[in-house]
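This report refers to the structure that appears directly beneath it.
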Amino acid sequence: MSGDDPTAVRTLDRQISYADGSEQRILEILSAAADRSSGSDELAAAITDWPSRYHLSPRRANLLRPLRLEAGLRILEIGAGTGVLSRFLGETGARVVALEGQADRARAAALRCAALSTVEVVCGSLESFSDPEGFDLVCIVGVLEYAASGAGGAGTHQDFLARAAALLRPGGALLVAIENQIGLKYLLGYREDHLGLPWIGIEGYPGDHGIRTFPRRVLSRMLDAVGLPAQTWLYPFPDYKLPAVVLADALYDLDEAPRLVDQLVRHPATDGAPDRSLLCDDRRAHKVLLEAGLGREVANSFLVVATADGSAPAFLPDPGVLAWHLGGDRRRAWRRHLELRSSSTGLTIRSFGGGSAATPHREGWLDHDPANDERYVLGRTVEDLALEACRGRDRVALEAALLHWRRFLDSRVVKGVDAGADPHPFRAAGAGARLPPEHLDVALSNFVVGDDGLHFIDREWRAAGGVSAELVMARALWLLAMELVRRGVEHPWPDSTTVRQLTASLCELGGLGAGDDIVDRLLPAEVELQHLVTGRDRAALREDLRWLAGRSRVDSEVTARLPFTELRARVEDLQRQRDEQRRRFEALEAASRRREHELNHALGEMRESAERLRGDLAVAREQLDGTLRELEAHRSELASARAELEMWRGWRESFDRKLPVRIYHALRRLLGR
């Protein structure tokens, strides 16, 4: 720092005008804060919107946690903003120069880092900055994309990288964090982070705005062109701004990569994105691309550390680590980080916090005791099986998955009552069946179906005296119900079914007779848990959770982020109707063909019968004609016989009239003969 003022800023000739409008408010928050550290709970409590989240969230520092930074390094951060990463770098003991081009932001960075004598804040552009001493590490986080715009100096992106690389000491490294031009969320139609338009990057950034990001191969060639061909690539999710997970390049080479990445990342594009539009199930789309071997190419963001050939700084990430799981928005006391490590015995999970092994923490009824080392169990989670069944609207498969999970938990029920433990939100006095203390979080994602049965993993939370079996199982199904609704996942119930109704239906399907009021009984306990872990206000938590309980896939608040849900449902309904009509038509057509065949067969038989009848008729006609001829001959003979008879009658009458004959007849009469 220059002078005696710890918040003084060294100002260069040239500055830039980029700002998001929140700078004055951030200055006020920092001025009033007692704890301005990178992991400050006090600053996190002041978050109310996206800009304040970006400037104040402890998750910002997660981006740099995979690096093995040590005291004494000389580091330049170009585009330091309000100083959140500069503060983290200074906390490692490094000597940091935070270069920020906008005056209000530079003042905020100086205020944030005032307690660190090793951090100097400089206000100016990269073009106006020089430093003959050089740096071990130069960081460009969320800045390269603006290099060709008015806010970045209106040069070229390649020139910007060259100027930054020129500030490195021999053996130094350039760190670049930037969105991927063809990242998954952009492929799925999310608005581009800088220009606010969907698919503008996919179309190659038409226009003269000068703002753009790059695909992996293009960025790699740019770094190679400035003399930094040795590159270590990392992939932060959901992006570099607020990463919860950072993946190493080597992870994508494993045969199990699609399943591992899916389980570690879960929702690759939808966490914390402002004005997001959920056009499809991003998790399913990501898994398809992972299975196609395109995981690296479609990661939402890149974190690349580039050096000259032959140089490998000691602060590069540990090559034995495949992934860093860096947690969410917990209070500092509860935060823990996980490393997925590869060893000769397989994959293991190591827990750590603040750079060292994680230690237990307790407040009231809640204990946090993560295992420092445990075996990573390969296999599908019960959540994965349940979501797959829901997407297929298959109640039978969903019931099978839930009952498998339920039977496992039933076998862990504790007999008797722990009279020495005080009641707490997840175990009221006189409650029913009880599970051991480490069963507070029995979410379906914490159960892996391995070759040797079901494994309960990630048992970091403990509740004194155990927990109500009914309540924690209902909580797990409530979390699944929220997953279905918030992510727009299809399920076997009507789309108008709310989280509250889904929870009751899932409880019934899983054989948990919790009753329709289970959500009302669960929410007070969940509010207390979330308040204790995150520090959020109870009233705000209660309002948010009640609001979520009433949401469904077709609520206006949800469909604003699901613009194609209704259309897709209508199309699917019309397709089902079409298929049904097609089946009916095919059935009628088959029946018509059968009837036609029957009629043709009958017609053939009738034709054969007609031909036979015609033949019989012809024979009968011939026979009749013969009979008629015979009859005519008989008539002629009869007529001749009649004529001959008449002739003889005439002759006899003539004979009888002769005298001798009359005398003869008279004598006979006299003689009585």
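Taken from CD in Gln181 to CG in Leu219, the straight-line distance is 11.0 Å, to the nearest 0.5 Å. Here the straight-line distance linking atom NE2 of His286 with atom CD of Glu291 works out to 11.0 Å at 0.5 Å rounding. Atom OG1 of Thr156 sits about 7.5 Å away from atom CE of Met222, to the nearest 0.5 Å. The distance from atom CG of Leu479 to atom CG of Asn446, rounded to the nearest 0.5 Å, is 10.0 Å. Atom CD1 of Ile178 is separated from atom CG of Asn300 by 13.5 Å, given to the nearest 0.5 angstrom. The structure places CD1 of Ile140 at 4.5 Å from CD1 of Ile78, a figure rounded to the nearest 0.5 Å.
A 4.5 Å side-chain heavy-atom check between Asp394 and Pro492 finds every atom pair outside the cut-off. Using a 4.5 Å heavy-atom cutoff, the side chains of Leu228 and Leu161 are not in contact. For the pair Glu460/Ser351, no side-chain contact is recorded, criterion being any heavy-atom separation below 4.5 Å from C-beta on. The closest side-chain heavy-atom distance from Asp544 to Arg536 is below 4.5 Å. When side chains are defined from C-beta on, Phe88 counts as touching Arg65, because their heavy atoms get closer than 4.5 Å. Counting only heavy atoms from C-beta outward, the side chains of Leu340 and Leu347 approach each other to under 4.5 Å. Using a 4.5 Å heavy-atom threshold, the side chains of His55 and Asp20 count as touching. Contact check for Asp193 versus Tyr186: side-chain heavy atoms found under the 4.5 Å cut-off.
Tyr205 has its ring centre no less than 6.0 Å from the ring centre of His194. The aromatic ring centroids of His404 and Phe447 lie 6.0 Å or more from each other.
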Worksheet entry | Chi angles and distances behind the side chain to side chain contact (heavy atoms under 4.5 Å, CB included) call for Leu506, Trp493 | CA-CA 10 Å; Leu506 289 167; Trp493 293 274; 3.9 Å; yes
Worksheet entry | Derivation and outcome, side chain to side chain contact (heavy atoms under 4.5 Å, CB included), residues Glu192 and Glu145 | CA-CA 12 Å; Glu192 206 269 353; Glu145 50 266 50; over 6 Å; no
Item to complete: May I have the step-by-step check of salt bridge (Lys or Arg N to Asp or Glu O under 4.0 Å) for Glu383 and Arg266, ending in yes or no?
Response: CA-CA 11 Å; Glu383 180 194 53; Arg266 291 171 60 80; 2.6 Å; yes
Worksheet item: Run the side chain to side chain contact (heavy atoms under 4.5 Å, CB included) check on Asp441 and Arg475 step by step: do they pass?
Response: CA-CA 8 Å; Asp441 185 9; Arg475 177 180 183 268; 3.4 Å; yes
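For CZ of Arg217, the number of neighbouring non-hydrogen atoms (other residues, nucleotides, ligands) closer than 6.0 Å is 12 at most. Remark: Asp451 CG is loosely packed, at most 12 non-hydrogen atoms of other residues, nucleotides or ligands lying under 6.0 Å away. Annotation: Asp49, atom CG; neighbour count of heavy atoms from other residues, nucleotides and ligands within 6.0 Å is above 12.
A donor atom on one side chain and an acceptor atom on the other are not found under 3.5 Å apart for Glu483 and His491. At a cut-off of 3.5 Å, with distance as the only test, no side-chain donor of Glu256 or Tyr376 sits close to an acceptor on the other residue.
Here Arg296 pairs with Asp253 in a salt bridge; the nearest charged N to carboxylate O distance falls below 4.0 Å. Of the charged side-chain nitrogens involved, none lies within less than 4.0 Å of a carboxylate oxygen, so that Arg553 and Glu490 do not count as a salt-bridged pair. Ion pairing between Asp384 and Arg259 fails under the 4.0 Å rule for side-chain N and carboxylate O. Salt-bridge check for Asp281 with Arg487: failed, with every basic side-chain N at 4.0 Å or more from each acidic carboxylate O. At a threshold of 4.0 Å, the pair Arg391-Glu388 does not count as salt-bridged, since none of the basic side-chain nitrogens sits closer than that to a carboxylate oxygen.
Across every non-hydrogen atom of Val143 and Gly79, the tightest pair is CG2-CA, 3.7 Å. The two residues Trp405 and Ala476 have their closest heavy-atom pair at CZ2-CB, 3.6 Å. Nearest heavy-atom pair across Leu444 and Thr381 is O-CB, 4.1 Å. Of all non-hydrogen atoms in Leu85 and Arg60, the two that sit nearest each other are CD2-O, 3.4 Å. Considering every non-hydrogen atom in both Asp262 and Leu290, the closest pair reads N-CD1, 4.2 Å. Of all heavy-atom pairs between Thr534 and Gln530, the closest is OG1-O, 2.6 Å.
Considering only residues two or more places apart in sequence or on other chains, Arg341 meets the side chain to side chain donor-acceptor pair (under 3.5 Å) condition with Asp318, Glu339.
Of the candidates Leu303, Val141, Leu234, Tyr240 forms a side-chain contact (heavy atoms from CB on, under 4.5 Å) with just one, namely Val141.
Of the possible polar contacts, one joining the Asn180 side chain to the Glu297 backbone as a donor-acceptor pair under 3.5 Å is found. A donor-acceptor pair under 3.5 Å is formed between the side chain of Glu77 and the backbone N or O of Ser86.
For residues 297-321, every residue pair satisfying the ring pair (Phe, Tyr, Trp, His ring centres under 6.0 Å) rule, not counting sequence neighbours, is listed here: Trp233-Phe302.
Using cut-offs of 30° and 60° on the angle between ring planes, the pair Trp334 and His368 is perpendicular.
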